[in-house]
Amino acid sequence: MEDDSEEKFHPQNEKELTDNQDAAISGVENQAPESYNDKVSALTYKDHFSLHQRTSDVRYRGTSVHVYELHSSQIQLATATASGIRLIGPDGSIDKNEPLKEELPLAIEMKEVPSDRASALSLLRATYTLVALFFAGILFVFSFLVIWFLFMDMVADSGVNGGSPTWGNFFGTLLGIPVMLFGLSSVLTVAGFFVLEMWNGFRFLRTIGHFNDILVEWVTLVMVFVAPIFSMICSLFAKLENWWTIAFYTWFSSMAVFFTVFAFVVIFYETHAAWLLAKELSSNTRKEAREEDVRDPYESLWSGLFHFLSECILRRQDSIWSGHQNKVRISINQDDLEPSHYLLTRWYTSITLTRGCGCFYEKVDPPEKIYSFEEILEKRRIVTRHNWSIEGVLCSNRKNHSVVVIRGPAALKKSQIISSIICVVVATVGVVLLVIGFMFWAERPALPMILFVVIVFLCCFPRFRNAARFLKAYRHANDSDTVGLDDGVYQSYETYRVSRPRKAFRIMLFLTGAGLFFVWPVATLIKIGNFHLLGLFILLGIWSFFRYYLDPCCLLQDLGTFDVSTTLKEKESWRVKARVSTIMLNVTRSPGTRIWMWSFFFFIVVALIFSIGSISYQSSYTTTTTELTDDNFYIQEGLEHLFWAPMTLTPLGNFQYQPQPNLQYPTCQLIQDLEIANGTSALLEDYAFLATMIYQAPETLQTTLDDWFGPGLAAVQTELVEDFRKTVPGGSAAVDYNVVYFLQSNTAVVVVRGSTTAWEWMTNAQLWSSVALTQVLQFFLPAGEIFNPILHGLLKALVWVESENLIEIALYSQTTQLVEYIRSRPDFNGSIRITGQSLGGGISLITGAQTNIPAIAISGPNNVFSRQTFVPPLDLDTIDSMLFNVIPQRDIVPMTDQAGLLTQSIECRAKVNDLFGCHTATRSLCEIMHRCGSYSRPPPCECAVKYGYPVPEQIGGNQTFSDVCGTLRSNDGWYA
């Protein structure tokens, strides 16, 4: 029977039996009912709110069995009915027909029974958990793009890319980043909880209680499995060719809808918990002030709502701006092992206690304890000799509140204690050596290694100190006669509030924050007309307000208990407590939000460093070259030497590479392509040369062309490019390009330079970060390639927040306009080609697809998946028929996106630890010339001098190769 009397919403005090899967099975308590004339001992089983579901009571053959369902097994707590004992079930009922006998023992047996459906159930859940993981990953990619687009907008507003600065927009965008960071991070935290719920079978949704459990089961199953399978069946019967794509679009869409509902449910019950706790705090405050007769503000809806919002906002400001002191101690039972002391953890606390801050802060005397969640939620893990493991030691949290048994039958062995300490030391040293070893392998400088060791030592010192304290506690417990056999040792971290901001100051802080971080960014987005991002920002602002200010944890830490008065029955009271504890542990106080925020913040700092570096290189390419007389090399001054190795050509007609006797690359000669002279078609190495040549200073381009093709065959059209730049907005963009005109064939080749400045690398991220992150996601997901058919549509949806400002400064837009500009000139009636390396290759491929001209890229990022993200979008048939990409071995840049049908893989001779060696344009040129033969083209000196290729055969001239190119080096990946 259920008790209809009023219950207190507080933690259970019964003795708990827990399994090692972080779920308390049930509590056991001896009670003596006053009914019946006979003396009866009774056992009461109560479900603790840490359980994900209630236990079931089954009785047969004189045995009471309490059942708790795990993921792939079942825990059964069997209690044999003994004489003199009657069992009281969770509903409070007593079996009156059970005979009574005096003073006989009672046997309780716990066992785990494997489920006969475990394999099939795991397979089913793994299927839609995989889709949920993919959805959460796409949500992360979207969050990354939002932050990146905001940052790019901010950099563009500062004028770094060559435009005029708009500082109002700059600061408005900057101030909008905190709301975006917190909102997106908390959404990702809920997404992680959503994936966990998928795998666990929707345990949280079963605690809602307002709907029929069977209805919840059906709705969830239809959304995550039945609907996509049904769409697949319909597509198959309709004989649609893209039935797989339709099924996955349906699956992804239903998962998105279900996640939206799930997130709404989470935030609703999180707010509902805050409402109950705020109401209880108000009641306690009136009782402490002896104002019980004062009208309760929660009796009226509007006054209660106002009081609730003000209470939550003020207490959140308290938790942020109050001065705190921490108390750290190691105790055996309730006795401190060593004297406890307060530690001023922040200099901020000392400032709040000074007399000068008296107008804004008030001292809290005596200090108020801020309760930890382990205390409130009663989640303190017990470590015994049976559940101890080295893996647990490695993965444990330094500030955990576990109870370690040190005396008695279940106490840890001395060898386990020593192993725990050794494990911490060895793991730390192992991580340090692993990272240093990788840096040494990559031939990094010594200074970063030293800094890393210092940082690791500072981070791990508290863990070493805790290990020493624990060993001291263990020795003390085993040497002392006052310690009981069943005692345990635990470490506690207690926080006390010693100062708090005054109420007026807290209100001022809230209003100032709302104006700076919400109102100003909204006005900025309205001004620049980015209404897509405006809608997203307002939505995330509302979400962040609920998640940040209507926080039940802030209220619960002040209240210190779940002791909230309700009129709920026992079953519903358990639902409320279980639901609240689940939300708090997995969402409200999950470390996920903090981890995501710090990850995004670190990314912004790195991007900021890059953007500052780009200020010095925002204009078009103007670097000069200087000669190294000892080796006859040319180097680039500036950032270019990080991404491009210099090129020095041997005299034309003096040296050559013969084609290799084994199979050559099938694309060495591009049939029916550009004609150079006298019926000679352009070679693959000609395009590689042009893509490499464009990195040189503009005044040297014509001379280098003559050295390669011979005089009078090709001309650099610098004046044409300068005239074009004057006709387009943003013509002085950082990307550099030029036009090479072949006189005899009336053909123009647009040559686009790759990334050399920080701004261009940020543009790389703008264009291809979404597909690159999605590919990383697919790599880590089992069978991630099954989502390939829907990637282009998803990526198109992800970039809808991109502003018009970023679309206008996209580097490919100028090269596309340049091709159309050349076509429109009355003095030109020939064909056009486009080529480039790295970023230049990627831009060439985009422009080639948009203008329907042949594009030959060297190490360029591809565009099959991202084809719908460009403006205008690219056609797949054009990609497969007009775009050609040369992909060096181990080059990560052309691994971005999926390539079209026309590609050529080439070998890379760079050392494995040379991370960027295979992306060097000159090295790719050398590989093509060595494998295909140089024909009448002059091999660069670097092929044999730097990259380990054989010395080319001398066919003319008086100077030897060493006279022309200098001393040979090994293939050391040396950059100028």
Side-chain angles (χ1 to χ4, degrees), residues 143-184 512-541 600-601 603-620 622 725-736 755 757-767 769 799-817 869-871:
S143 302
F144 176 89
L145 289 179
V146 169
I147 299 297
W148 184 246
F149 289 157
L150 276 176
F151 185 81
M152 288 286 288
D153 260 330
M154 186 176 65
V155 174
D157 290 333
S158 68
V160 167
N161 64 320
S164 58
T166 53
W167 294 111
N169 296 348
F170 172 84
F171 287 108
T173 305
L174 178 65
L175 293 173
I177 289 180
V179 172
M180 285 290 193
L181 279 180
F182 179 82
L184 293 172
T512 303
L516 287 177
F517 300 114
F518 186 76
V519 177
W520 190 347
V522 166
T524 301
L525 291 172
I526 294 175
K527 177 184 175 182
I528 64 179
N530 191 348
F531 295 105
H532 288 170
L533 193 57
L534 173 64
L536 178 64
F537 182 81
I538 293 176
L539 185 63
L540 285 177
F600 285 133
F601 178 76
F603 156 72
I604 290 177
V605 170
V606 173
L608 183 62
I609 294 174
F610 264 75
S611 65
I612 293 175
S614 70
I615 295 176
S616 302
Y617 306 99
Q618 60 184 326
S619 60
S620 60
T622 56
R725 288 184 182 275
K726 296 176 183 178
T727 63
V728 294
S732 60
V735 66
D736 188 54
S755 306
T757 69
W759 174 255
E760 291 170 2
W761 279 98
M762 288 192 291
T763 302
N764 275 342
Q766 175 200 348
L767 295 177
S769 58
V799 299
W800 71 278
V801 295
E802 187 175 20
S803 68
E804 293 293 334
N805 189 19
L806 294 182
I807 295 176
E808 291 176 0
I809 64 174
L811 301 183
Y812 66 84
S813 62
Q814 282 199 27
T815 54
T816 299
Q817 294 179 65
T869 64
F870 306 110
V871 181

When every non-hydrogen atom of T173 is compared with those of L150, the smallest separation belongs to CG2-O, 3.3 Å

In terms of heavy-atom contacts, V871 and Y812 come closest through N-OH, 3.0 Å

Once you round to the nearest 0.5 Å, how far does [atom1] of [X] lie from [atom2] of [Y]?
X: L536; Y: L184; atom1: CG; atom2: CG; value: 6.5 Å
X: T815; Y: Q817; atom1: OG1; atom2: CD; value: 9.0 Å
X: D736; Y: Q814; atom1: CG; atom2: CD; value: 10.5 Å
X: M180; Y: L533; atom1: CE; atom2: CG; value: 4.5 Å
X: I526; Y: L534; atom1: CD1; atom2: CG; value: 5.5 Å

With sequence neighbours excluded, residues passing side-chain contact (heavy atoms from CB on, under 4.5 Å) with F517
L175, P178, V179

Quick one: list whatever passes side-chain contact (heavy atoms from CB on, under 4.5 Å) with T512, sequence neighbours left out.
M508, L516

Residue list, ring-ring contact (aromatic ring centres under 6.0 Å, His included) with [X], at least two apart or on another chain:
X: F601; answer: W598
X: F600; answer: none
X: F518; answer: F537

Close side-chain approach of F170 and T166, heavy atoms under 4.5 Å:
no

What residues, two or more places apart in sequence or in another chain, satisfy side-chain hydrogen bond (donor to acceptor under 3.5 Å, both in side chains) together with S143?
none

Could you go step by step and tell me if F870 and L767 meet the side-chain contact (heavy atoms from CB on, under 4.5 Å) rule?
CA-CA 8 Å; F870 306 110; L767 295 177; 4.3 Å; yes

Ignoring hydrogens and angles, tell me if any N or O in the side chain of T816 forms a donor-acceptor pair with the backbone of S813 under 3.5 Å.
no

Determine, using ring centers only, whether F603 and F151 are less than 6.0 Å apart.
no

Relative to each other, are the rings of F144 and W148 parallel, tilted or perpendicular (30° and 60° limits)?
parallel

